[in-house]
Amino acid sequence: MKRILITGAAGFLGSHLCDRYIKEGFHVIAMDNLITGDIKNIEHLFKLKQFEFYNHDVTKFVHVPGKLDYILHFASPASPIDYLKIPIQTLKVGSLGTHNLLGLAKEKNARILIASTSEVYGDPLVHPQTEDYYGNVNTIGPRGVYDEAKRFQESITMAYHTYHGVETRIVRIFNTYGPRMRLNDGRVVPAFIGQALRGEDLTIFGDGMQTRSFCYVDDQVEGIYKLLLSDYVFPVNIGNPDEITIKEFAEEIVKLTGTDQKVIYKALPIDDPLQRQPDITKAKEILNWEPKTGRSQGMKLTLEYFKSFSSKELQKSEHRDFS
Ligand code: UDP
């Protein structure tokens, strides 16, 4: 049985990856320090003997007994509200944490895939973003702690590949949504759905003309799965190129939830990228991958998940306010 370590396992993407690798017959060693992850996301796996969980902070030395075939490094805060609250941890998990996991991969002779992000492109001056675009990042802005940690993460990963011969893979993840997103993580999908379900106005930041391209979680997981199995060591964009303005997206949510909520406008957060769309030519060519789930289908599934929350849980959610 192949053994895989997944860091950030109790998070949104990490927990879906745990499910996928269990389904594929792997022994899954899940690790998370639960700062932004939620144990509920993986609770259903605890009864399985091919699943184990370590509550551990990967910025400290990481030890895993026995052999390891693969490592997926997905531990990191991943929403702007989190970078503002825990900037130092964000920097540490992308840098020190990645260093520890690369060291573990070298020691165990394991293949490691690290989760990078479209944020390495910053507020992009090239559109859509291709992997050979170097990016436009403000190092000292509020997002700098995440963006620069992820850029460092890519550098150290390539260095371990080049100098130590470690088998590495780098995925650049574009906005991904689906069940198990944290209701209060401030990201636009749970923010708008939460507001609509609570009967509040939807808060659009800026004029709403900024764009994003949303990928359903199952498509993202499939792309990551294929990348890990491929022999391609350079970064690969995984995301859905279907681009939409935030204003149009708010209108879609109002329609989808069948509410008659208004939209209200708030200040645009500092360094909020004005446009974002992945160029997925590489993923198509190298991995034979492209997203299959349209936004209307994916959003329906996501809404169903959030509808299962009690009204008390819905009330607990907070949202970002930069005004
Ligand atoms: N956004 C918004 N209202 C919200 C939350 C987010 O208008 O309540 C905007 C945000 O300013 C950004 C976009 O939606 O332009 C996506 O934000 P998110 O935090 O989901 O992801 P990221 O900015 O990292 O792509």
Side-chain angles (χ1 to χ4, degrees), residues 11-13 36 76-85 87 90 94 115-124 127-129 135-138 141-151 172-178 180-198 200-217 220 237-254 257 261-278 295 298-299 302 306 314 317-323:
F12 165 50
L13 285 180
T36 56
S76 178
S79 100
I81 206 173
D82 292 334
Y83 326 143
L84 290 172
K85 272 192 205 149
T90 304
S116 187
T117 164
S118 55
E119 284 283 323
V120 298
Y121 303 122
D123 190 2
H127 194 74
Q129 292 77 57
N136 177 36
V137 170
N138 174 8
R143 288 174 182 252
V145 294
Y146 183 62
D147 301 4
E148 290 301 334
K150 291 293 184 181
R151 289 169 68 96
R172 287 190 182 148
I173 298 170
F174 282 67
N175 293 69
T176 299
Y177 69 97
R180 300 188 192 151
M181 287 190 97
R182 230 170 69 219
L183 190 56
N184 65 354
D185 83 353
R187 310 210 70 145
V188 71
V189 173
F192 282 177
I193 293 183
Q195 288 164 342
L197 293 179
R198 287 191 300 270
E200 295 168 4
D201 296 333
L202 273 57
T203 52
I204 292 180
F205 298 156
D207 61 6
M209 296 315 287
Q210 70 272 35
T211 68
R212 292 296 186 271
S213 309
F214 298 104
C215 181
Y216 188 62
V217 62
Q220 183 63 245
N237 290 339
I238 298 286
N240 189 327
D242 185 7
E243 187 181 10
I244 186 173
T245 66
I246 294 303
K247 187 166 179 283
E248 286 167 328
F249 184 58
E251 287 158 9
E252 277 189 8
I253 298 284
V254 171
T257 52
Q261 297 324 124
K262 306 262 165 314
V263 297
I264 51 168
Y265 291 87
K266 301 239 170 179
L268 188 70
I270 299 166
D271 295 335
D272 196 296
L274 290 181
Q275 49 181 4
R276 184 180 285 155
Q277 183 193 32
R295 202 170 45 248
M299 286 305 304
T302 309
F306 284 116
L314 280 177
S317 88
E318 51 184 276
H319 64 269
R320 283 187 292 170
D321 190 346
F322 292 91
S323 54

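All values below come from the heavy atoms of this structure, side chains included, with hydrogens, waters and symmetry mates left out. Counting starts at 1 for both ligands and their atoms, following the listed order.
- Short contacts between ligand 1 and G186, defined as distances under 4.0 Å to a heavy atom of the residue, involve ligand atoms 5 (C).
- Counting heavy atoms only, R187 comes closest to atom 22 (P) of ligand 1 of the residues K266, K247, R187.
- Shown here for D207 and K247, the closest heavy-atom pair between the two residues is O-CD, 4.1 Å.
- The two residues A196 and I253 make their nearest non-hydrogen contact at CB-CG2, 4.3 Å.
- Interface atoms of ligand 1 facing A191, defined by a heavy-atom separation under 4.0 Å, are 8 (O).
- Residues T211 and Q277 bring no donor and acceptor atom of their side chains to less than 3.5 Å of each other.
- The option with the heavy atom closest to atom 13 (C) of ligand 1, from among I246, I204, L202, is I246.
- Of all the heavy atoms of R143, the ones lying under 4.0 Å from any atom of ligand 1 belong exclusively to the side chain.
- For the atom pair L197 CG and L183 CG, the distance stands at 8.5 Å (nearest 0.5 Å).
- By the 3.5 Å distance cut-off applied to N or O atoms, V188 is counted among the residues near ligand 1.
- Listed by atom number, the atoms of ligand 1 under 4.0 Å from N175 heavy atoms are 21 (O), 22 (P), 25 (O).
- Ligand 1 is approached by F192 to a heavy-atom distance shorter than 4.0 Å.
- Within the 4.0 Å heavy-atom criterion, the part of D272 lying near ligand 1 is the side chain and not the backbone.
- With sequence neighbours excluded, the residues satisfying side-chain hydrogen bond (donor to acceptor under 3.5 Å, both in side chains) with S118 are R276.
- Residue R276 has at least one heavy-atom neighbour below 4.0 Å for each of these atoms of ligand 1: 22 (P), 24 (O), 25 (O).
- At a 4.0 Å cut-off, not a single heavy atom of S79 sits close enough to ligand 1 to count as contact.
- Classified by interplanar angle (parallel below 30°, tilted 30° to 60°, perpendicular above 60°), the ring pair Y121/F174 is tilted.
- Residue L268 has no N or O atom closer than 3.5 Å to an N or O atom of ligand 1.
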Exercise for the section: Decide side-chain contact (heavy atoms from CB on, under 4.5 Å) for T176 and C215; before the verdict, give the C-alpha distance in whole Å, the side-chain angles of both, and the deciding distance to 0.1 Å. Expected result: CA-CA 5 Å; T176 299; C215 181; 4.0 Å; yes

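- Annotation: side-chain hydrogen bond (donor to acceptor under 3.5 Å, both in side chains) contacts of R182 (sequence neighbours excluded): D82, N184.
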